[in-house]
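This report refers to the structure that appears directly beneath it.
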Amino acid sequence: MQELIDWFQSLEPLPWQNDRDPYKVYILEIMSQQTTLSVMMKRYPSWISTFPSIDSIAAASEEDVLLAWEGLGYYQRARNIYTIAKFIKEHGFPEPNLSSWLQLPGVGRYTAAAILSRAYNKPYLAVDVNVKRIIMRIFGVSSYDQGLEEKFIALLGKNLFDKYSSDMNQGLIRLGQSLCKKKEIICKECPLMKICKSAGNISCLNVSTKKTIERRDKYLVIISFNEYIYIEKIESGVGKNMYRLPLVDYELWQTFLLEPGASLLSKRKHSYTKYCDYLYPLYIEIKEMELLQRFDNITKHLIACNKKKLHERPFLSSYRIIIDELLGGGGKDLFLEDQ
DNA sequence: AAGACGTGGGA
DNA sequence: TTCCCAAGTCT
């Protein structure tokens, strides 16, 4: 299927398309997961600017890496990048084969294949959800079977794939994003039309399973004292080793509400996966050292961070938004009541 | 093997 | 505003 290669090469190339540096290809593949092209266009260049090499990451801290990843979500990926950078600094890149790369944390079958074909020109088929859908349509089947992959490569042309797997892998993904989409197909422009059993016939729709949403209320306090804001390090779970504004239980939050200097900020909604969180931020401005002691019971577990340095710590997005509005825009939209 | 893991952006 | 989506991996 020379047609696939020709079609791919006729597209406007992505800025990083022809970079074969294993480090950059690795970052590119990890960052691409579960995100959109517009996010990539913004974040990939800035990442490379912050961390131009494996060594630059290995020389940083995990917190620095999480900060650079902030806003991209799925933060385990950033922790893995840090782990892998240190490993590679010591041992070098893995051998260019599937089993060696699969040993790296966060590198699964898709990512390993994509890196090996892009950076090392190894003929592995990188099967992501797009390619999976294309394969199912090509063969006109309604369930996926890994055995189809070898047949698919044969259909593409084994010799051609051995030589041009990088372009063909990338071409297939672009195809899945543009012509052979989940809910929309444009077969007449498809380079694979000749070999497709489902041509013109949309099928293999992923049935989206509706998840039941779980609502959660979170009560947080922003304790401000001189130049400092108290923040809390997340020890486990979502956002591990990142920071948040301190969460307290409702009872305590209510008692803080009555403190002098306390003002209620507008509530925030933050949804992800199956959760719908409502954040209730309470801003407490403490002017006297004596008053600070009234919060000893919680502040002793917290970190006093200079307001000017809050941007140096990695925060989960929902908290970052509140912090930015509080410090940046004068909190105009944030405050419920005028002071 | 179903569920967890996050977010910004577009309709 | 609200809903829904987007280059997976791990357990």
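Below, read A as the first sequence line, B as the second, and so on, with proteins coming before strands; counting in each chain starts at 1.
The 5' end of DNA chain C is approached more closely, in terms of each residue's nearest nucleotide, by A:T35 than by the other of A:G108 and A:T35. With the nearest nucleotide of DNA chain B identified for both A:V238 and A:S38, A:V238 has the one nearer the 5' end.
At the heavy-atom level, A:G176 lies nowhere under 4.0 Å from the strands shown. Among the protein residues, A:K42 comes within range of no part of the nucleic acid, since none of its heavy atoms lies under 4.0 Å from any strand. At a threshold of 4.0 angstrom between heavy atoms, the contacts of A:V107 are confined to the sugar-phosphate backbone, with no base atom among them. A:S318 comes within 4.0 angstrom of no nucleic acid atom, judged by non-hydrogen atoms across all strands. A:Q177 comes within contact range of at least one nucleobase, with a heavy-atom separation under 4.0 Å. In this structure, A:S317 reaches the sugar-phosphate backbone alone: every heavy-atom distance under 4.0 Å involves primed, P, OP1 or OP2 atoms, never a base.
To the nearest 0.5 Å, the span separating CD1 on A:I27 from CD1 on A:I81 amounts to 4.0 Å.
Residues from residues 75-96 of chain A placing a heavy atom under 4.0 Å of any atom in DNA chain C do not occur. Remark: A:E29, A:S32, A:Q33, A:Q34 in residues 26-34 of chain A come within less than 4.0 Å of DNA chain C through at least one heavy atom.
Rounded to whole Å, atom P of C:dA7 lies 8 Å from atom CD1 of A:I173. Rounded to a whole Å, the CG atom of A:L72 is 15 Å from the P atom of C:dG8. Between A:D167 atom CG and C:dA7 atom P there is a gap of 19 Å when expressed in whole angstrom units. Distance A:Y110 OH to C:dC10 P: 14 Å, rounded to the nearest Å. In this structure, A:R268 places its CZ atom 16 Å from C1' of C:dT2, rounding to the nearest Å. Following rounding to the nearest Å, A:Y74 (OH) and C:dA6 (P) show an atom-to-atom distance of 13 Å. Straight-line distance from the CG atom of A:L102 to the P atom of C:dT9: 9 Å, rounded to whole Å. Rounded to an integer number of Å, the gap from OH of A:Y272 to C1' of C:dC3 is 18 Å.
Comparing the P positions of C:dT1 and B:dG8 gives a spacing of 16 Å, expressed to the nearest Å. Taking atom P on both nucleotides, C:dA7 is separated from B:dG10 by 15 Å, rounded to a whole Å. The same atom, P, is picked in B:dG6 and in C:dC3; the two are 22 Å apart, to the nearest Å.
For the side-chain hydrogen bond (donor to acceptor under 3.5 Å, both in side chains) condition, the pairs that include at least one residue of residues 298-308 of chain A, sequence neighbours left out, are A:S224-A:K307. Applying the side-chain hydrogen bond (donor to acceptor under 3.5 Å, both in side chains) rule to pairs touching residues 101-115 of chain A yields A:E29-A:Y110, A:Q33-A:T111, A:R109-A:E149, sequence neighbours excluded. Among residues at least two apart or in separate chains, side-chain hydrogen bond (donor to acceptor under 3.5 Å, both in side chains) pairs with a member in residues 152-164 of chain A are A:K158-A:D162. Screening residues 66-87 of chain A for salt bridge (charged side-chain N to carboxylate O under 4.0 Å, His left out), with sequence neighbours left out, gives A:E70-A:R320.
Looking only at distances, a side-chain donor or acceptor of A:N80 sits under 3.5 Å from a matching main-chain atom of A:Q76. Side-chain N or O atoms of A:N241 include none that pairs as donor or acceptor with a backbone N or O of A:E63 at under 3.5 Å.
With sequence neighbours left out, the salt bridge (charged side-chain N to carboxylate O under 4.0 Å, His left out) criterion links A:R313 to no other residue. Taking the ring-ring contact (aromatic ring centres under 6.0 Å, His included) definition, one finds that A:F256 meets it with A:F295, sequence neighbours left out. When the ring-ring contact (aromatic ring centres under 6.0 Å, His included) test is applied to A:Y275, the partners found at least two apart in sequence or on another chain are A:Y272. The side-chain contact (heavy atoms from CB on, under 4.5 Å) test applied to A:P246 returns A:V221, A:E232, A:L302, not counting sequence neighbours.
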Distance-only check: which donor-acceptor pairs under 3.5 Å involve side-chain atoms of residues 173-180 of chain A, not counting sequence neighbours?
unit_1: A:R174; atom_1: NH1; unit_2: A:Q17; atom_2: OE1; d: 3.4
unit_1: A:R174; atom_1: NH2; unit_2: A:E12; atom_2: O; d: 3.2
unit_1: A:S178; atom_1: OG; unit_2: A:R174; atom_2: O; d: 2.7

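Think of the region where chain A sits on DNA chain B: with heavy atoms and a 4.0 Å cut, that region ends 5' and 3' at B:dA4 to B:dG9.
The side chain to side chain contact (heavy atoms under 4.5 Å, CB included) test with A:Y23 singles out one residue from A:I57, A:I84, A:I88, and that residue is A:I57.
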